[in-house]
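Okay, structure first, notes after.
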2 protein chains.
Amino acid sequence: MRVGELSKKSGVPVATIKYYLREGLLPAGVLTSPNQAHYDDEHLRRLRLVRALMDVGGLSIAAVREVLAAVDTREGSLHKKLGAVQEAISQPAAVELDPLAVEDVQAFFARQGEAECVDVTESNVTHMLASALSSARSVGHDHFRELLDPYLEGLKIIARADVEYIARFGSRDDIIEAMVVGTLVGDTVLKAVRRLAHAQVSREVIGDVPES
Amino acid sequence: MRVGELSKKSGVPVATIKYYLREGLLPAGVLTSPNQAHYDDEHLRRLRLVRALMDVGGLSIAAVREVLAAVDTREGSLHKKLGAVQEAISQPAAVELDPLAVEDVQAFFARQGEAECVDVTESNVTHMLASALSSARSVGHDHFRELLDPYLEGLKIIARADVEYIARFGSRDDIIEAMVVGTLVGDTVLKAVRRLAHAQVSREVIGDVPES
DNA sequence: GATGAATGGATAGCGGTGCTCTCCGCTATC
DNA sequence: GATAGCGGAGAGCACCGCTATCCATTCATC
C-alpha cells in the first residue's frame, strides 16, 4: 500500500504521515522506485499506535519517539523494557520539589518495606509523585500524603486486573505494547471512572433537590 | 503587598502575574493610586492555585478560568458546583468515537444499575471514558472494557478515601477547592502509584537478574 | 504514448499557547 | 531629586504539531 491508502485507512492526513516519517515516528516504507514506497499493515498498526499515544496519553512527539524506541529495542529483559517505557510515559511536572513532599514519598516507600528511596528524581515515576505532593503542599494541602495508603490499597486491585489483562497476550511485542496502551488508556479510564464515583457519592451524600 | 512581593512569595515572574491579571485568572488588586495596587494573601493563594492547576493538572489557561469561575460562583448547590468543576477539569481527547466503545460505556452504566446513558457526549466525563475506549479499540484492544468493573472496585476504596479527605474541610469554599485540588493531584498520584505497583508486580512475576 | 493524479522528499509557513519584553507616565523610597 | 519599582497595554517570541507548496518522478488510465 502507498501513502494515500495508509492515510485513508488511518484517517491521518498524508502531510501528517510525511511529518511523522520525518520525525522518525514511523519507519520508512520499502522503496520500489526512487519516489515510490510500499507500506504494509505493520505501518498502519504503528501509525494507529502513535495517534493513540498522542490522543489518549497526551504524549508529545518526543515522548512518543522515546516510547517507540523502548518498544522496539530487542535487548534487555522484559522488566527493563517496562521500566524504560514507564519512564517515557511518565513526565513529571516542572515544579520545584518541596523537601517535605520528598520526605512524604520516602516515608511511603519505607512503609511498604521498600529500601529507602535515596533520590526521588532518579525515576520519573517517583519524581512525578513528589512533584504532585509538592503542588498539593503549595496550596496548603500538606495532609494529602495520608491518601497514599488507601490509594495503594485500591490500586492493588486495579494493578491485579492490569496484570491479568496483560497476561492474555502471547508474544513479547504484544505484551510490551499492551503495557503501553493499557497504562495510558488505563490512566484516562481511571480518571473518568473516579469522577463518576465522586459524582455518585456527591449525589448520595450531599444530595441535590431535583428540579423538575 | 505589591506585585513584586507577590512575585517573590509565589516564585512567579512579575510579567507572568501581569499576564494572568489580563487573562482574568487573578482578580485585580485594590488601587491606592492610579498606578499602585495592593494585593493580599487571597491573591497569593489564588495565584498558587492557578499554578497548581496548570502544573499538576496540566490545565490550559482557558480551563483554569473555567474552574475558577465554577469555584467562585455563589449560586447553585454544592453538588452542581462539583459537576461544573468536573466538566472543566475533564477535557476529553479529540477522537472520533467508536460506536462500540459508546456501547461499552452504556453497558457499564447498565451494570451499575444507572439509568442508561442516552448521550455519552453530554458530559465530558463520559465522553472522556468513551474516547479512551475508542482509542483502545483503534489499536486492537477491544477487550479493555473488561477492566471497567475491577477498576470501579478499586476506585470505590479510593473514592471513599477522597470523600473522607474532603470531609475534613469546613467551609463551602474550602470544600470546593479541596475537590479541585484533590481530584487533580489525586489523578497524578494515582498514575504514579499505579506505575509503582506495576513495577513491583513486574519485579515479582517476571523477575530480573540482578546485574551486580 | 500522452495525460493527469499521486508519490517521495524537502522546505517554509501557520495557528495556537504561554509567556516575555518593551515602553509609557507615574509613584513610593531613600 | 535620584532610583527603583509600579500598573497598564501591546508587540513579540519560542515551541509545538501540523499544513501548504514545490519539485522531479512514477503510476494509472485512456
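A note on names: the letters A, B, ... follow the listed sequences, proteins ahead of strands, and every chain is numbered from 1.
- Note: A:His141 and B:Phe169 meet the aromatic proximity criterion, with ring centroids under 6.0 Å apart.
- Distance, B:Met1 CE to C:dA28 C1': 17 Å, rounded to whole Å.
- Under 4.0 angstrom from either OP1 or OP2 of C:dT20 there lies at least one side-chain N or O belonging to B:Thr16.
- Between the CD atom of A:Glu23 and the P atom of D:dC18 there is a distance of 10 Å, rounded to whole Å.
- In the set C:dT7, D:dG5, D:dC18, the nucleotide with an atom closest to the side chain of A:Val3 is C:dT7.
- Which of C:dT20, C:dT27, C:dC19 sits closest to the side chain of B:Asn35 comes down to C:dT27.
- Atoms CG (B:Leu6) and C1' (D:dG5) sit 15 Å apart, rounded to a whole Å.
- Between A:Ser60 and B:Lys18, the residue whose closest nucleotide on DNA chain D is further toward the 5' end is B:Lys18.
- At C:dG8, none of the side-chain N or O atoms of A:Ser33 fall inside 4.0 Å of OP1 or OP2 (strictly under the cut-off).
- The nucleotide D:dC27 finds its pairing partner in C:dG4, both defining distances of the Watson-Crick or G-U wobble pair being shorter than 3.5 Å.
- A heavy-atom distance below 4.5 Å is found between the side chains of B:Thr183 and A:Arg194.
- A side-chain N or O of A:Arg195 and one of B:Ser90 form a donor-acceptor pair less than 3.5 Å apart.
- Rounding to whole angstrom units, CG of residue B:Leu31 and P of C:dT27 are separated by 11 Å.
- Nucleic acid contact class of A:Ala15 (heavy atoms, under 4.0 Å, all strands): base.
- Among D:dC18, D:dC6, C:dG8, the nucleotide with an atom closest to any side-chain atom of B:Gln36 is D:dC6.
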B:Tyr39 vs B:Arg46, test: side chain to side chain donor-acceptor pair (under 3.5 Å). Steps then yes/no. CA-CA 11 Å; B:Tyr39 304 89; B:Arg46 173 54 56 100; over 6 Å; no
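- What separates CD1 of B:Ile17 from P of D:dG7 is a distance of 9 Å, to the nearest Å.
- Donor-acceptor pairing under 3.5 Å is lacking for the side chains of B:Asn124 and B:His127.
- Contact annotation: A:Tyr20 reaches the phosphate of D:dC18 (side-chain N/O to OP1 or OP2, under 4.0 Å).
- In this entry the distance linking CD1 of A:Ile61 with P of D:dT19 reads 11 Å, nearest Å.
- Distances were taken from every side-chain heavy atom of B:Arg2 (C-beta onward) to each of D:dT26, C:dT7, D:dC6; the shortest belongs to D:dC6.
- For the OP1/OP2 pair of D:dG7 and a distance below 4.0 Å, the side-chain nitrogens and oxygens of B:Tyr19 include no atom meeting the criterion.
- Atom CZ in B:Arg22 sits roughly 14 Å away from atom C1' in C:dT17 (whole-Å rounding).
- When the P atom of C:dT17 is taken as reference, atom CG of B:Leu25 falls 13 Å away, rounded to whole Å.
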